[in-house]
Amino acid sequence: MAFRVHCPNCNTPTVILYSNEITRDIDGIFAKDLYCQCRNPDCLATSVVRVSHSHYVQPPRRHVLDMAKQLLKQEQQQTLPLGEPL
Ligand SMILES: [Zn+2]
């Protein structure tokens with residue numbers, strides 16, 4: 001399913017003319033302004049729609065593997081026998 005932006009004035013589908021990444025220098029945050037032009041010849045309004053990442057439904061595979069490795073490391077550290085006092 002494609003993401004489609006509709007005109008806030010007449011609800012006609014728009015064309016995204018260009019976008020501007022507004023969080024370019026901020027790690028872990030993603031947001032863009034989409035400059036959209038209405039395709040209705042009687043309207044032709046141009047508007048800005050801001051889109052942003054909210055959360056993962058399924059995190060990237062690398063993140064899951066890193067979390068699993070971290071959990072295994074913690075478990076191994078907890079199960080290691082304590083050293084004998086000198
Ligand atoms: Zn319109």
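Numbering of ligands and ligand atoms starts at 1, following listing order. Computed over heavy atoms, backbone and side chain alike; hydrogens, waters and symmetry mates excluded.
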Output the distance between atom OG (Ser47) and atom CG (Asn9), rounded to the nearest 0.5 Å.
9.5 Å
From Thr12 atom OG1 to His6 atom NE2, the distance as rounded to the nearest 0.5 Å
9.0 Å
Can you confirm whether more than 12 heavy atoms, excluding those of Gln58, are under 6.0 Å from its CD atom?
no
By residue and atom, what protein N/O/S atoms are less than 2.8 Å from the Zn ion (ligand 1)?
Cys7 SG, Cys10 SG, Cys38 SG, Cys43 SG
Shortest non-hydrogen contact from Cys7 to Cys10?
SG-N, 3.5 Å
May I have the list of side-chain donor-acceptor pairs in residues 24-43 shorter than 3.5 Å, sequence neighbours left out?
from	atom 1	to	atom 2	distance (Å)
Asp33	OD1	Arg50	NE	2.7
Asp33	OD1	Arg50	NH2	3.3
Asp33	OD2	Arg50	NH2	3.2
Asn40	OD1	Asp42	N	2.9

Note, Gln70 side chain near Gln74 side chain (heavy atom, < 4.5 Å):
yes
